[in-house]
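Lettering of chains follows the sequences in order, A, B, ..., and the numbering in each one begins at 1.
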Amino acid sequence: MPEGHTIHRLAQDHAERFVGAPVRVSSPQGKFSDSAALLDGHTLTTTDAHGKHLFLGFGDTGWVHIHLGLFGKLGFGTAPPPPPTDTVRLRLVNAAHHADLRGPTTCALITEPEKRAIHERLGPDPLRGDEDGEDGERAWQRISRSRTTVAALLMDQKVIAGVGNVYRAEVLFRHGIDPYRAGKDLTRAEWDAVWADLVELMHEGVRHNRIDTVRPEHLPEAMGRPPRVDDHGGEVYVYRRANLPCHICGSEIRTADLAARNLFWCPRCQDPRPVPGT
DNA sequence: GCGGAATGTAGAT
DNA sequence: TCTACCTTCCGCT
């Protein structure tokens, strides 16, 4: 169950294990069999990630485009691999490692132009190189003109690629921003701080392979609470903490449906304050 | 065993 | 705004 940090980590993990030598490619479940046959025995040359999209490069043969969706999982193990279960869509095997893909939204063999088209429809990714420093600016151009709520904008992959439901909830909490505020009512300073924070939080997410957002001074140990790690594997302020007391102010964390996803926020720390300059 | 929920998206209405 | 899709896991009978 992935946000962008998971996908970038998977790109690295595949590169470390498989790049540079021939790979056995199969589709035990069958839905990727034709493409697997074309790829079998070819060498993985490179990997790439943009937002929640993972790309495995097989030179002139093309790219395997993977999107895990809500349920997809990629798991690694040693070689030789155990017999696959019947849900394995894609299996990669070399002398030392295997990787099994289950339940993805997308697993397809695509061409270089098709890959380019995917990049073109995605917004800037806090985890991709930002050579010109213009990525946060590109997102701001859309956000600052939109009447849509900032909560919805953060989940829109055309606006920012890679942020999911956990990072959305947590970054809005960390900056005291009411999720229902319109994009155009954010200040430039607020957005710059949110973008910089996403860059930092998500890089840390790649390193640790989990989402931790709680500042050191607010960790349970520092606050005199029993140490605790949330269900999804990291320490968070509001995600899936509905009706529990806010770590900072003690108010009950609230939850609501927004565009068919669960939203979480603290009604006191994320005060719907009047917007400066309007 | 069943129902529901889950870090997501595309396509129809 | 809805529905379909893909899988696993957990709580309830």
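- Remark: side-chain polar atoms of Glu204(A) are not paired, donor with acceptor, to backbone N or O of Glu200(A) under 3.5 angstrom.
- With dT9(B), dG8(B), dA10(B) as the choices, the nucleotide that has an atom nearest any side-chain atom of Gln157(A) turns out to be dT9(B).
- Remark: C1' of dT7(B) and NE2 of His53(A) are 15 Å apart, rounded to the nearest angstrom.
- In the displayed structure, Arg147(A) atom CZ is contacted under 6.0 Å by at most 12 heavy atoms of other residues, nucleotides or ligands.
- Side-chain N/O atoms of Arg261(A) include one lying less than 4.0 angstrom from OP1 or OP2 on dG8(B).
- Look at CZ on Arg240(A): it is 18 Å from P on dG4(B), rounded to the nearest Å.
- Going from the P atom of dT8(C) to that of dA10(B) covers 23 Å, rounded to whole Å.
- If you run side-chain contact (heavy atoms from CB on, under 4.5 Å) between Phe58(A) and each of Val64(A), Leu109(A), Thr45(A), only Val64(A) comes through.
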Pairs: protein N or O with nucleotides 5-8 of chain C N or O, under 3.5 Å:
residue	atom	partner	partner atom	Å
dC6(C)	OP1	Lys31(A)	NZ	2.7
dT7(C)	OP1	Gln29(A)	NE2	3.2
dT8(C)	OP1	Arg102(A)	NE	3.1

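- Phosphate contact (OP1/OP2 of dT9(B), side-chain N/O of His67(A), threshold under 4.0 Å): present.
- Taking atom OH of residue Tyr239(A) and atom P of nucleotide dA5(B), one finds them 13 Å apart after rounding to whole Å.
- For dA10(B), the OP1/OP2 oxygens have a side-chain nitrogen or oxygen of Arg121(A) closer than 4.0 Å.
- Atom CZ of Arg24(A) is surrounded by 12 or fewer heavy atoms from other residues, nucleotides or ligands within 6.0 Å.
- Here, dC5(C) and dT13(B) have their P atoms 14 Å apart, quoted to the whole Å.
- Regarding Leu198(A), its CG atom lies at a distance of 15 Å from the C1' atom of dT7(B), rounded to whole Å.
- We find that Arg168(A) and Asp156(A) are not joined by a salt bridge, their nearest charged nitrogen and carboxylate oxygen being 4.0 Å or further apart.
- Note on residues 252-268 of chain A: no pairs pass side chain to side chain donor-acceptor pair (under 3.5 Å), not counting sequence neighbours.
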Got a list of protein N/O to nucleotides 11-13 of chain B N/O distances below 3.5 Å?
none

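- dT3(C) atom P lies 14 Å from atom CG of Asp257(A), rounded to whole Å.
- Put simply, CG on Asn262(A) is 15 Å from P on dG4(B), counting in whole angstrom units.
- Ile211(A) has its CD1 atom 15 Å from the P atom of dA6(B), to the nearest Å.
- In this view, Asp197(A) and Arg174(A) satisfy the salt bridge (Lys or Arg N to Asp or Glu O under 4.0 Å) rule, not counting sequence neighbours.
- In terms of phosphate contacts, Asn165(A) brings no side-chain nitrogen or oxygen within less than 4.0 Å of OP1 or OP2 of dA6(B).
- Rounded to the nearest Å, the gap between the P atom of dA5(B) and that of dT3(C) is 15 Å.
- Contacts classified as side chain to side chain donor-acceptor pair (under 3.5 Å) and involving residues 10-21 of chain A (residues at least two apart or in different chains) are given here: Arg9(A)-Asp13(A).
- Between the CZ atom of Arg181(A) and the CG atom of Leu172(A) there is a distance of 9.5 Å, given to the nearest 0.5 Å.
- Side-chain N/O atoms of Lys52(A) include one lying less than 4.0 angstrom from OP1 or OP2 on dT9(B).
- When rounded to the nearest whole Å, the span between CE of Met155(A) and C1' of dT9(B) equals 10 Å.
- Applying the side chain to side chain donor-acceptor pair (under 3.5 Å) definition to pairs two or more places apart or across chains, those involving residues 88-100 of chain A are Gln29(A)-Arg89(A), Arg91(A)-Asp100(A).
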